[in-house]
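See structure below.
Since this is a predicted model, take the numbers as computed values, not measurements.
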Amino acid sequence: MDALKPDGGQKSKPAAVKPGSASPSASGQAPAPAPAEDSERTAVFRAPKPAAAPRPDAPKASTFVPLRTDGDVATEVKPKPPVRPTPPTPPAPSRPSAPASASTATERLDHSDRSERTTQQPLPPKPPLDMLADLTNNPPPPPSPLRTAVRRFKIYAPLVVLLGIILAIVQLVRPLPQPKLVMTAKSSYTFEGAMPQLPWPSEGQAYMAAAGLGTLGQSGEQKPVPIASVTKSMTAYIILRDHPIKKGEQGAMIDVDKTAETEGKKNDSVNNESTLDTVKEGDKISEYDAIAALMIPSANNIARLLARWDSGSQEAFVKKMNDTAKELGMTNTTYTDPSGLDATTVSTAEDQVKLGLKLVEIETLLDITKKPNWVDPSGKSWRNWNGLTGPSGALGIKTGTTTKAGGNLLFAAQKKIGNTNQLIVGAVLGQHKPSIIDTVLAASKQLMVGTQKALEGATVVKKGDVVGYVDDGLGGRTPVVATADVQAIGWASLTVTVKLANGGGAMPQTARAGTEVGVLTVGEGASQVKVPVALKSDLASPGIGSKLTRIG
């Protein structure tokens, strides 16, 4: 079949036939007129859609073959590879063109590759600097001490800050330490002058002391000698220690037994035994009156009655007397009976003063022994054998006279200095000059008066002086001052102790100026001087800085 001629009249050359396509003669159809240039390019470069599988009964489609003009150069145009749909993942690198069948196989391989990659374990993330180097296409800087230090700082600095915050919170919520009172004043004071010389007795032995201050001196050899009814001082001490009597009361009621009545009727002029002859079996006597009968008329039968009432027997009570003597440091004393009638009951003036210093602390006892006389429950009046009581100013304590023991006296007195009643205790033993009772009373009075004259007062601290401070335990110190003059009592050459202590309760964490927080004491025992101390300024709670920086 001849080729068609274009309008130009020129004979065109036959167009190149695409391989695999049917020739015009084979199809039996006339060639279609040539399309315009734009349409031809579209037909050449647009990838055809994949044809669906032909059905067996469908008619066969013809193949379109474009024609070229004579001026065009016949070229073989290869079709573009089919366009695959864009996957959701980033586009893969472009591949060279391939036939449709090869493209399909390649697509299957790409899907297989992607499936394998998603099942692999992801690599651990790189450090930030290495990732930045990958993004900027720059290699990471080589390790260096500075880089290592910076990296460690970035890691550990937040941990250190967190630990610091936790530590600060713990410090702030911890309980505050208990404030303490610390003394800055001198802990002692010494009186000026030489030791005073006291009028000691010419015979026997004597000993003199001041309560809470110490010993003024002694005379004679301190060897055990009979002490007669001075023994009753230990009997009274044990009874009042184990059966105390409240002030203004009479104490327990004691049944008078047959023995007490019988012994009270005795008239032993040889041993000069004193008894209370007004008691009868079946009567009751108060503990207070029993002690009075013991210490004022020196009733031996009441001493034995108290021993039986307390311990069940005199022997058991005597054992308690000796045990108590050891507790008080009376190393040269031996008791064999509760009344002292037996000459085998022996002691020294020094040991009896040790006992006397304990007796003057019992207010009920001194209230009895300082009386010049006493009226018993029957109405009979009894004279106190201690003639130093009353106008002479003695407070007792107990006389003791027998032919073997001579005249003996354990006495107590006081001297008021400032606001303090200073107590003194002395003992004079072994006075045998007749009359023995008058001799011992005279010797004791001289010793008592000489000691009272030797006592003097001295101002140790004045009102308003700083004597210490309150330590809050965190570095804070609040000064404390004396609220009154502190006067020490003593004698020449004596050194007394000065102490500062709280008032017995817990020290406050905060308080206003003027609040009393403790007591300043001078001396020891019953006659010590006590003056309250108060805050000079406000006692404030420790600040935040002190709480944060405390150790321990």
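- No donor-acceptor pair closer than 3.5 Å links the side chain of E516 to the backbone N or O of G514.
- A heavy-atom distance below 4.5 Å is not found between the side chains of N502 and V517.
- Y207 and T215 form a side-chain donor-acceptor contact under 3.5 Å, judged by distance and modelled atom types alone.
- To the nearest 0.5 Å, the span separating CG on L341 from OG on S274 amounts to 9.5 Å.
- The backbone N or O of T344 sits nowhere less than 3.5 Å from a side-chain atom of D342 that would complete a donor-acceptor pair.
- A distance of 10.0 Å separates CG of L409 from CG of L447, quoted to the nearest 0.5 Å.
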Practice problem: Kindly determine whether L306 and I254 satisfy side-chain contact (heavy atoms from CB on, under 4.5 Å), including the steps that lead there. | Solution: CA-CA 8 Å; L306 287 171; I254 302 171; 3.5 Å; yes

Exercise. Please lay out, stage by stage, how L359 and S233 fare under the test side-chain contact (heavy atoms from CB on, under 4.5 Å).
Key: CA-CA 8 Å; L359 290 170; S233 298; 3.9 Å; yes

Exercise. Begin from the C-alpha positions of L213 and Q422 and carry the test side-chain contact (heavy atoms from CB on, under 4.5 Å) through to its verdict.
Key: CA-CA 9 Å; L213 298 179; Q422 178 61 51; 3.6 Å; yes

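- Of the possible donor and acceptor atoms, none in the side chain of T478 sits under 3.5 Å from a partner among the backbone N and O of L539.
- Counting heavy atoms from C-beta outward, H432 and E203 have side chains that approach closer than 4.5 Å.
- The environment of K354 atom NZ is dense: over 12 non-hydrogen atoms of other residues, nucleotides or ligands sit within 6.0 angstrom.
- A heavy-atom distance below 4.5 Å is not found between the side chains of V460 and Q487.
- Here CG of N421 is found 9.0 Å from CG of L395. Values are rounded to the nearest 0.5 Å.
- Between the N332 side chain and the T348 main chain, no donor and acceptor come within less than 3.5 Å of each other.
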Would you tabulate the side-chain donor-acceptor contacts of residues 434-446 under 3.5 Å, counting partners in other chains and residues two or more places apart, or write 'none'?
unit_1 : atom_1 : unit_2 : atom_2 : d
S435   : OG     : D438   : N      : 3.4
S435   : OG     : D438   : OD2    : 3.2
T439   : OG1    : K433   : O      : 2.7
T439   : OG1    : S435   : O      : 2.9
S444   : OG     : V440   : O      : 2.8

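- With E263 contributing its side chain and T275 its backbone, the two residues share no donor-acceptor pair below 3.5 Å.
- D485 and K463 are not joined by a salt bridge, as no carboxylate oxygen comes within less than 4.0 angstrom of a charged side-chain nitrogen.
- Minimum interatomic distance between T369 and N384 (heavy atoms only, all atoms of both residues): O-ND2, 3.1 Å.
- The shortest side-chain heavy-atom distance between T401 and W385 does not fall under the 4.5 Å cut-off.
- Note that the CG atom of D257 and the OG1 atom of T262 stand 8.5 Å from one another [nearest 0.5 Å].
- The line from CD1 of I239 to CG of L294 is 8.5 Å long, rounded to the nearest 0.5 Å.
- Across every non-hydrogen atom of M295 and A236, the tightest pair is SD-CB, 3.8 Å.
- Neither side chain, Y335 nor D323, offers a donor N or O lying under 3.5 Å from an acceptor on the other.
- Within a 6.0 Å radius of NZ in K371, other residues, nucleotides and ligands contribute more than 12 heavy atoms.
- Counting all heavy atoms, side chain and backbone alike, A206 lies closest to Q222 at O-NE2, 3.4 Å.
- The pair R304-D337 does not count as a salt bridge, with every side-chain nitrogen at least 4.0 angstrom from each carboxylate oxygen.
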Self-check item: Candidate pair W382 and D376, rule side-chain hydrogen bond (donor to acceptor under 3.5 Å, both in side chains), full reasoning
Solution: CA-CA 8 Å; W382 300 84; D376 70 11; 3.1 Å; yes

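- Listed by chain and residue number, E287, W309 satisfy the side-chain contact (heavy atoms from CB on, under 4.5 Å) test with A252 (two or more places apart in sequence, or in another chain).
- Scanning all heavy atoms of the two residues, the minimum distance from D351 to M330 falls at OD2-C, 3.3 Å.
- Taking every heavy atom of both residues into account, K370 and A394 meet most closely at CB-O, 4.3 Å.
- Atom CG of N419 sits in a sparse spot, with 12 or fewer heavy atoms from other residues, nucleotides or ligands closer than 6.0 Å.
- To the nearest 0.5 angstrom, T389 atom OG1 is 12.5 Å from I397 atom CD1.
- Residues V318 and E315 are not in side-chain contact: their nearest non-hydrogen atoms beyond the backbone lie 4.5 Å or more apart.
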Quiz item: T336 and T345: side-chain hydrogen bond (donor to acceptor under 3.5 Å, both in side chains), yes or no, with the steps?
Solution: CA-CA 5 Å; T336 59; T345 293; 2.9 Å; yes

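- Here S347 pairs with T333, Q352 under the side chain to side chain donor-acceptor pair (under 3.5 Å) rule; sequence neighbours left out.
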Return all side-chain donor-acceptor pairs below 3.5 angstrom for residues 179-194, not counting sequence neighbours, or 'none' if the list is empty.
unit_1 : atom_1 : unit_2 : atom_2 : d
T184   : OG1    : V467   : O      : 3.3
T184   : OG1    : G468   : N      : 3.2
T190   : OG1    : T495   : OG1    : 2.8

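- Considering only residues two or more places apart in sequence or on other chains, K320 meets the side-chain contact (heavy atoms from CB on, under 4.5 Å) condition with I238, R241, D242, D310, S311, T324.
- At least one side-chain heavy atom of Q452 sits less than 4.5 Å from a side-chain heavy atom of I424.
- Contact check for Q218 versus Q205: no side-chain heavy atoms found under the 4.5 Å cut-off.
- Within 6.0 Å of CD on E363 lie no more than 12 heavy atoms contributed by other residues, nucleotides or ligands.
- Side chain of K415 to main chain of L423: no donor-acceptor pair is present (N/O by atom type, distance under 3.5 Å, no hydrogens or angles).
- Ion pairing between K265 and D277 fails under the 4.0 Å rule for side-chain N and carboxylate O.
- In this structure, N408 and A228 approach most closely via the heavy-atom pair ND2-CB, 4.4 Å.
- Other residues, nucleotides and ligands contribute more than 12 heavy atoms inside 6.0 Å of the NZ atom of K416.
- For the pair L500/V533, a side-chain contact is recorded, criterion being any heavy-atom separation below 4.5 Å from C-beta on.
- Formation of a donor-acceptor pair under 3.5 Å by the T521 side chain with backbone atoms of V529 is not found in this model.
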Exercise. Before giving the answer on side-chain contact (heavy atoms from CB on, under 4.5 Å), spell out for V486 and T459 the whole-Å C-alpha distance, their side-chain angles and the decisive distance to 0.1 Å.
Key: CA-CA 6 Å; V486 180; T459 301; over 6 Å; no

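- The environment of W491 atom CH2 is dense: over 12 non-hydrogen atoms of other residues, nucleotides or ligands sit within 6.0 angstrom.
- Applying the side chain to side chain donor-acceptor pair (under 3.5 Å) criterion to S298, with sequence neighbours excluded, gives S229, K232, K398.
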